[in-house]
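In listed order, ligands and their atoms are each counted from 1.
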Amino acid sequence: MGLNGGYSGFRILREGLSGNRGWRPAWRDPAPQPAYDFVIVGGGGHGLATAYYLASQFGEASVAVLEKGWIGGGNVGRNTTIIRSNYLLDGNQPFYEFSLKLWEGLEQDFNYNAMVSQRGVYNVYHSDAQRDAYRRRGNAMILHGADAELLDAAQLRAECPFLNFDNARLPVMGALVQRRGGTVRHDAVAWGYARGADRRGVDIIQNCEVTGFRIQNGRCTGVETSRGFIAASKVGCAVAGSSSRVMQAAGMRLPIESHVLQAFVSEGLKPIIPGVITYGGGHFYISQSDKGGLVFGGDIDMYNSYAQRGNLPVVEDVCEGGMTLMPMIGRARMVRMWGGIMDMSMDGSPIIDRTHIDGLYFNGGWCYGGFKATPASGWCFAHLLATDTPHETATAYRMDRFERGYMIDEKGSGAQPNQH
Ligand SMILES: Cc1cc2nc3c(=O)[nH]c(=O)nc-3n(C[C@H](O)[C@H](O)[C@H](O)COP(=O)(O)OP(=O)(O)OC[C@H]3O[C@@H](n4cnc5c(N)ncnc54)[C@H](O)[C@@H]3O)c2cc1C
């Protein structure tokens, strides 16, 4: 087919010895067909994973992914790369554990190096009450088959000696650790799924914006796009931060607000941070990339926006969090920052469901935790699209749970999108 076949050590050696002239684009650039069985709107991690699993798990051959920009230009290429399944609630835990298990086998599955690194996630606690809450969460994780470990201050000091253990206001008392959590090279996830889907016949169509839905007698029959009308038996939307805007074109008002979240990277340093560390006294989390940069973030910017850039007060707030948790960070220079648009739901949990319009399905509300969900989200959305029934780990992610009062409020902060 003229494209890259499998990647292998032998192939790299052969290409290395022959001037790397044999590599071809990893996926095709097809023109849109007039009709498909499945059209997925949004070529982020979730849309690409959905297409990949539709083809690989459900044997669907007639699938297109429509992306208004380029693959990896959205949040899948903007996040801080953290994966974990340290959730408390029944509605969430099995889903995120399913996702973590998929991460563990993903590189073999799509034959692409996504740099899945299970370097551990440490949630630091600073009070007895917080320790009790983390112990409860750890027990819930273990009951669902995930791994969790509670460290006291001495155990944590042995692994992360640079933390501010003796802070007068918020002393570091220990941490809940999930050793199987860690980081994944985010844009490689988009590329791996794109390549895997393409090789199974999925058309990935970039620079193709969905501008409307054709709805006849309560049924969605296709999408209007910047490259013309495309008919579809089923349309699945996975547009993350653009969810409200896109679904508005189908006449729907979602229980979702869009907010900006920023990420920051320091200059490259020698390895100092063993895993992902989250601060329990404020919103700050940090890991170290394989290139050496400290990758960190904190709260959303707290105002509604569709702009993929943030503002300075949050930069200050995040840096203060970092200085309180690990004062040594003050010696590092920050070299880059950027923003992405978060689809914040009312209870902080996602939606994977049908809509009231036949043939139109929705996947969104990922807030700032959707990267770790990418494999399970794609699998469960593909399951729903292919079988019209929810996957067993995603039964709670119904659109009408807010009407019915079945919130999945992991943080316990109420119906406040900006608080989750
Ligand atoms: C700074 C930051 C840090 C984060 N850190 C983490 C983290 O550490 N761990 C974690 O689990 N999650 C994290 N997240 C959240 C995570 O990145 C998102 O929840 C997740 O990537 C969203 O799913 P996606 O990959 O499909 O989104 P996207 O990559 O945004 O994909 C949606 C796509 O839809 C396209 N689109 C929009 N409108 C249209 C249209 N009309 N027609 C066609 N295409 C359209 C967009 O161009 C975009 O490419 C973070 C996010 C940000 C911004």
Side-chain angles (χ1 to χ4, degrees), residues 39-51 64-87 96 99-100 103 121 181-184 186-187 189-190 193-194 204-213 223-227 230 235-250 258-265 276 278 283 285-287 295-301 306 308-310 314 318 336-345 348 350 363-378 381:
V39 160
I40 309 299
V41 186
H46 294 221
L48 292 165
T50 303
V65 176
L66 310 182
E67 165 54 49
K68 78 171 175 186
W70 68 95
I71 299 304
N75 289 345
V76 69
R78 292 168 180 267
N79 62 72
T80 39
T81 78
I82 301 165
I83 62 164
R84 57 186 170 87
S85 70
N86 54 2
Y87 282 75
Y96 285 99
S99 207
L100 196 49
W103 283 118
V121 172
T183 57
V184 180
H186 52 184
D187 32 22
V189 174
Y193 275 125
I204 296 168
I205 302 161
Q206 302 181 78
N207 298 311
C208 182
E209 179 171 5
V210 169
T211 51
F213 298 88
V223 287
E224 308 289 350
T225 81
S226 52
R227 295 170 71 172
I230 302 174
V235 176
C237 286
V239 292
S242 302
S243 292
S244 322
R245 280 202 295 203
V246 171
M247 297 312 280
Q248 197 175 27
S258 287
H259 288 259
V260 187
L261 179 70
Q262 304 188 54
F264 310 87
V265 175
V276 178
T278 75
H283 212 150
Y285 49 89
I286 187 162
S287 64
V295 181
F296 54 101
D299 248 327
I300 53 177
D301 276 37
Y306 291 111
Q308 294 190 114
R309 55 179 297 182
V314 168
V318 170
R336 284 186 293 132
M337 56 186 276
W338 62 87
I341 315 167
M342 310 288 74
D343 39 337
M344 304 297 293
S345 65
N363 172 320
W366 293 101
C367 304
Y368 37 73
F371 176 65
K372 71 176 90 68
T374 307
S377 166
F381 202 32

Which segment of Val210 sits under 4.0 Å of ligand 1 when only heavy atoms are counted: both

Heavy-atom neighbours of Trp338 CH2 exceed 12 at 6.0 Å: yes

Under 3.5 Å: N/O of Thr80 near N/O of ligand 1: yes

Taking atom 37 (C) of ligand 1 as the reference point, the nearest protein heavy atom with its distance: Ser242 OG, 3.5 Å

Test item: Asn75 and Phe371 side chains (from C-beta on) under 4.5 Å apart, heavy atoms: no

Non-hydrogen side-chain atoms of Ile205 and Arg227 separated by less than 4.5 Å: yes

Min N/O separation Lys372 to ligand 1 under 3.5 Å: yes

Side chain, backbone, both or neither: Ala190 near ligand 1, heavy atoms under 4.0 Å: neither

Val41 N/O under 3.5 Å from ligand 1 N/O: no

Polar contact flag for Lys68 and ligand 1 (N/O pairs, less than 3.5 Å): yes

Proximity flag Met342 to ligand 1, non-hydrogen atoms under 4.0 Å: yes

Protein residue, atom and distance nearest to atom 23 (O) of ligand 1, heavy-atom basis: His46 CD2, 3.2 Å

Shortest protein heavy-atom distance from atom 31 (O) of ligand 1, along with the residue and atom involved: Gly44 CA, 3.1 Å

Backbone or side-chain N or O of Tyr368 under 3.5 Å from ligand 1 N or O: yes

Identity and separation of the nearest protein heavy atom to atom 9 (N) of ligand 1: Ile82 O, 3.0 Å

Under 3.5 Å: N/O of Gly45 near N/O of ligand 1: yes

Nitrogen or oxygen of Trp70 less than 3.5 angstrom from that of ligand 1: no

From CA spacing to verdict: side chain to side chain donor-acceptor pair (under 3.5 Å), Ser377, Asn363: CA-CA 8 Å; Ser377 166; Asn363 172 320; 2.9 Å; yes

Under 4.0 Å to a heavy atom of Gln262 - the qualifying atoms of ligand 1, by number: 1 (C)

Atoms of ligand 1, numbered as shown, that sit under 4.0 Å from any heavy atom of Leu66: 43 (C), 44 (N)

Atoms in ligand 1 flagged as close to Thr81, the criterion being non-hydrogen separation under 4.0 Å: 8 (O)

Beyond-backbone contact of Lys68 with Ser242, side-chain heavy atoms, under 4.5 angstrom: yes

Exceeds 12 heavy-atom contacts within 6.0 angstrom, atom CZ of Arg309: no

Donor on one side chain, acceptor on other, His186 and Thr81, under 3.5 Å: no

Mode of Cys367 contact toward ligand 1 - side chain, backbone, both, neither (heavy atoms, under 4.0 Å): backbone

Numbered atoms and elements of ligand 1 in range of Val246, under 4.0 angstrom, heavy atoms: 38 (N), 41 (N)

Ligand 1 N/O within reach of Val76 N/O, cut-off under 3.5 Å: yes

Ligand 1 N/O within reach of Ile341 N/O, cut-off under 3.5 Å: no

Heavy-atom nearest neighbour in the protein, as seen from atom 35 (C) of ligand 1, with distance rounded to 0.1 Å: Glu67 OE1, 3.3 Å

Contact atoms of ligand 1, heavy-atom distance to Ala240 under 4.0 Å: 22 (C), 23 (O), 27 (O), 30 (O)

Ligand-residue contact atoms, ligand 1 with Cys208, heavy atoms, under 4.0 Å: 43 (C)

Structural part of Thr374 in contact with ligand 1, heavy atom criterion under 4.0 angstrom: neither

Close-contact set for ligand 1 against Ala238 heavy atoms, below 4.0 Å: 32 (C)

Qualifying residue for side chain to side chain donor-acceptor pair (under 3.5 Å) with Asp299, from Gln262, His283, His259: His283

Polar side-chain atom of Glu67 near backbone of Gly69 as donor-acceptor pair, under 3.5 Å: yes

Side-chain donor/acceptor of His46 to backbone N/O of Gly370, under 3.5 Å: yes

Nearest-neighbour protein heavy atom for atom 50 (C) of ligand 1, which is reported as residue plus atom name and distance: Asn79 CB, 3.2 Å

Ile83/Thr183 under side chain to side chain contact (heavy atoms under 4.5 Å, CB included): CA gap, chis, key distance, verdict: CA-CA 6 Å; Ile83 62 164; Thr183 57; over 6 Å; no

Distance (rounded to the nearest 0.5 Å) between Asn86 CG and Ile82 CD1: 10.0 Å

Within reach of ligand 1, part of Thr211 (heavy-atom separation under 4.0 Å): neither

Atom 16 (C) of ligand 1: nearest protein contact (heavy atom, Å): Phe371 N, 3.4 Å

Nearest-option assignment for atom 20 (C) of ligand 1, heavy atoms, candidates Cys237, Gly370, Ala49: Gly370

Arg245, portion touching ligand 1 at heavy-atom distance under 4.0 Å: neither

Test item: Leu48 and Val65 side chains (from C-beta on) under 4.5 Å apart, heavy atoms: yes

Ser258 side chain vs Gly241 backbone, donor-acceptor pair below 3.5 Å: yes

Close approach of Gly297 to ligand 1, heavy atoms, under 4.0 angstrom: no

Check against side chain to side chain contact (heavy atoms under 4.5 Å, CB included), Cys367 and Ser345: CA-CA 7 Å; Cys367 304; Ser345 65; 3.8 Å; yes

Per-atom contacts of ligand 1 with Trp366, taking only distances under 4.0 Å to non-hydrogen atoms: 19 (O)

Protein heavy-atom partner closest to atom 1 (C) of ligand 1 - residue, atom, separation in Å: Arg78 O, 3.4 Å

Pairwise distance CD(Gln308) to CD1(Ile341) - rounded to 0.5 angstrom: 4.5 Å

Atom of Trp366, atom of Ala373 and distance for their closest heavy-atom approach: CZ3-CB, 3.4 Å

Whether Gly241 lies under 4.0 Å from ligand 1, heavy atom: no

Approximate separation, where rounding is to 0.5 Å, of Ser243 OG and Met342 CE: 10.5 Å

Sub-4.0 Å heavy-atom contact, Gly72 with ligand 1: no

Heavy-atom donor-acceptor pair, Asp187 side chain to Val76 backbone, under 3.5 Å: no

Side chain to side chain contact (heavy atoms under 4.5 Å, CB included) evaluation trace for Val189 with Trp103: CA-CA 10 Å; Val189 174; Trp103 283 118; 3.7 Å; yes

Polar contact flag for Ala373 and ligand 1 (N/O pairs, less than 3.5 Å): no

Pi-cation contact, Tyr96 with Arg84 (under 6.0 Å, within 45°): no

